[in-house]
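Here the structure is laid out as structure tokens; the discussion comes afterwards.
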2 protein chains.
Amino acid sequence: MRGNLSRQTAEKLYRMIVAEGWLEPGDKLPNEMELSKELGVSRATLREAIQALTMQGVLEVHRGRGTFVSRQVGEVEDFGFGTLDGVRGKLRDLFELRAMFEPRVAALACARASGEEMMEILELGRQTEACIREGRDRTQADRDFHAAIVRATHNEFMMRLLPIIGQAVETAIVSGEHAEKLAQDTLRDHALLMEFFEKRDPAGAEHAMAIHMLHAMEEMGLEK
Amino acid sequence: MRGNLSRQTAEKLYRMIVAEGWLEPGDKLPNEMELSKELGVSRATLREAIQALTMQGVLEVHRGRGTFVSRQVGEVEDFGFGTLDGVRGKLRDLFELRAMFEPRVAALACARASGEEMMEILELGRQTEACIREGRDRTQADRDFHAAIVRATHNEFMMRLLPIIGQAVETAIVSGEHAEKLAQDTLRDHALLMEFFEKRDPAGAEHAMAIHMLHAMEEMGLEK
DNA sequence: TTGCAAGAGTTGTCTGACAACTCTTAACAT
DNA sequence: ATGTTAAGAGTTGTCAGACAACTCTTGCAA
């Protein structure tokens, strides 16, 4: 099994709640003593798992009263249709946001980048491609690539916002195994993107980035 | 003080790291024994705080090695909570963000809003118009209007962006002499927007909102 | 030089205890 | 009869100490 015991416990609890209909939204969980015995972990470990689920909005803890399944859980299920996750619902939201910003950001960057910045963008793009070809981990290179593009917009808020979205997407992706399929599309998309950047064609860059986003969403089974 | 001790500890740690320059991104924290003594809490409480910050992307924990400040801390800053200050000078950046955001949001909302949500949007739009006509302060009404639209996208992360966007709106409206002409444009733009919302025409709503954004930026002397 | 083992440093988990909070219920005063 | 208070049960919050598991370095031996 992967990860901490508290991590595993959180996932187990999550499955019990949302996948199987063990508890309905609004229901109260057994108290921590009983639940920890039932799950075969210590109370401390269970508490860490509960905290994680609380931060994900799955559970609500009220001191002196108990721990409850959040009413929001049901709503998340409606969207993503699915058994596997609230993660999928969140993933769709994230990509939707990303698909909104990245193409326009690419266009702006293409129009505003200084000579130096453009060179950096192209260089980082090449590095990312190299990583994919050689089968190395492209996470860092890809992040740097997108960060360089965002930086070239000279827009402070974009620079703050997009890394956050990117990071969230990343953690979501790591929890699945879509990375393999994505790599091939990414290679093609990047080539397209680089072409328009080299030509300094904002409209082209915008469309190329939009295609990149659509490919990513398609591969992950997310619908527009 | 508010909240759990672990909550407080998390916030205290957060402030020490991002606000004051106690540690740089990538630095290693003292081990849990020392740190818990230094902060005056038990190790269990400290661990809950650390876990919370880990899930926010502020810290990274590596078993057997230690706990480190994430390299992305600087970027994560103002997202979840935390007030956005020094906004005034960055009006262009904010509106640029908004100009990307709002039109697509309008389109999504138009396509996804439930009957109830659509009624709320239209009602709030009418209220805003009324405010303008009667010369009353329309800040709150306008904010509610846009908030209702964002809510109708059913996208959690868009809603999280709302407070940031809201500040831009507020600053823009408060900033004085533009208010007069802006009000007239807003009246026309809203009418256009409402027309397409009533028809449930996403493309129309998107363009109408885009026009609204362009007018606002133009009136405020912001260049694209 | 290379490989391996021991050790120090660190986070992960367990156990048991008590404090603090919430809600119910029963006793009490009016 | 009614409103108020106090006690008690149920629950989460915090603490302390111990040991397990993992990571990296250092020194020794082949």
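All figures in this text were calculated on a predicted structure; none of them were measured in a lab. Proteins get letters first, then strands, A, B, ... in listed order; numbering begins at 1 in each.
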Report task. Mind calculating the distance between CZ (Arg63(B)) and C1' (dT13(C)) to the nearest angstrom? Result -> 8 Å
Requested in this report: Verify the contact: side-chain N or O of Ser6(B) to OP1 or OP2 of dT14(D), cut-off strictly under 4.0 Å; return yes or no.
Outcome: yes
Query raised in the report: Can any side-chain N or O of Asn4(B) pair as donor or acceptor with the backbone N or O of Ser6(B) at less than 3.5 Å?
Result: no
Query - Side chains of Glu102(A) and His212(A), donor plus acceptor under 3.5 Å - result: no
Query raised in the report: Does dG9(C) have OP1 or OP2 sitting under 4.0 Å from an N or O in the side chain of Lys28(B)?
Result: no
Requested in this report: Write down the distance between CZ (Arg47(B)) and P (dT13(C)), rounded to a whole number of angstrom.
Outcome: 7 Å
Report summary line: Between CG of Asn4(B) and P of dT12(D) the distance, given in whole Å, is 13 Å
**Report entry** DNA chain C contacts among residues 31-38 of chain B, heavy-atom distance under 4.0 Å
**Finding:** Asn31(B), Glu32(B)
Query raised in the report: Any idea which of dT12(D), dT11(C), dC15(D) is nearest the Val61(B) side chain?
Result: dT11(C)
Query - Closest-nucleotide ordering on DNA chain C, the 5'-leading residue of Pro30(B) and Thr45(A) - result: Pro30(B)
Query - Salt-bridge present (Arg47(A), Glu32(A); N to O < 4.0 Å) - result: yes
Report task. Measure across Met158(B) and Glu96(A) and return the closest heavy-atom pair with its distance rounded to 0.1 Å. Result -> CE-OE1, 4.0 Å
Query raised in the report: Roughly how far, to the nearest 0.5 Å, is CG of Leu29(B) from CD1 of Ile17(B)?
Result: 5.0 Å
Report summary line: In whole angstroms, the gap separating C1' of dG12(C) from NE2 of His62(B) amounts to 15 Å
Query raised in the report: dC23(C) phosphate, OP1 or OP2: any side-chain N/O from Arg65(A) under 4.0 angstrom?
Result: yes
Requested in this report: Kindly say if Thr67(B) contacts the phosphate of dT10(C), meaning a side-chain N or O under 4.0 Å from OP1 or OP2.
Outcome: no
Query raised in the report: Below 4.0 angstrom, N of the basic side chain to O of the carboxylate: do Glu123(A) and Arg126(A) qualify?
Result: yes
Query raised in the report: Given atom CD of Glu60(B) and atom P of dT10(C), what is their separation to the nearest angstrom?
Result: 18 Å
Query raised in the report: Roughly how many Å is it from CG in Leu5(B) to P in dT12(D), rounded to a whole number?
Result: 18 Å
Query - Spacing between Leu46(A) atom CG and dG12(C) atom C1', to the nearest angstrom - result: 15 Å
Report task. Check whether the side chain of Arg43(A) and the base of dG13(D) form a donor-acceptor pair under 3.5 Å. Result -> yes
Requested in this report: Find the distance Arg7(B):CZ to dC21(C):P and express it as a whole number of Å.
Outcome: 18 Å
Report task. May I ask you to check whether His207(A) and Phe196(A) place their ring centers less than 6.0 Å from one another? Result -> no
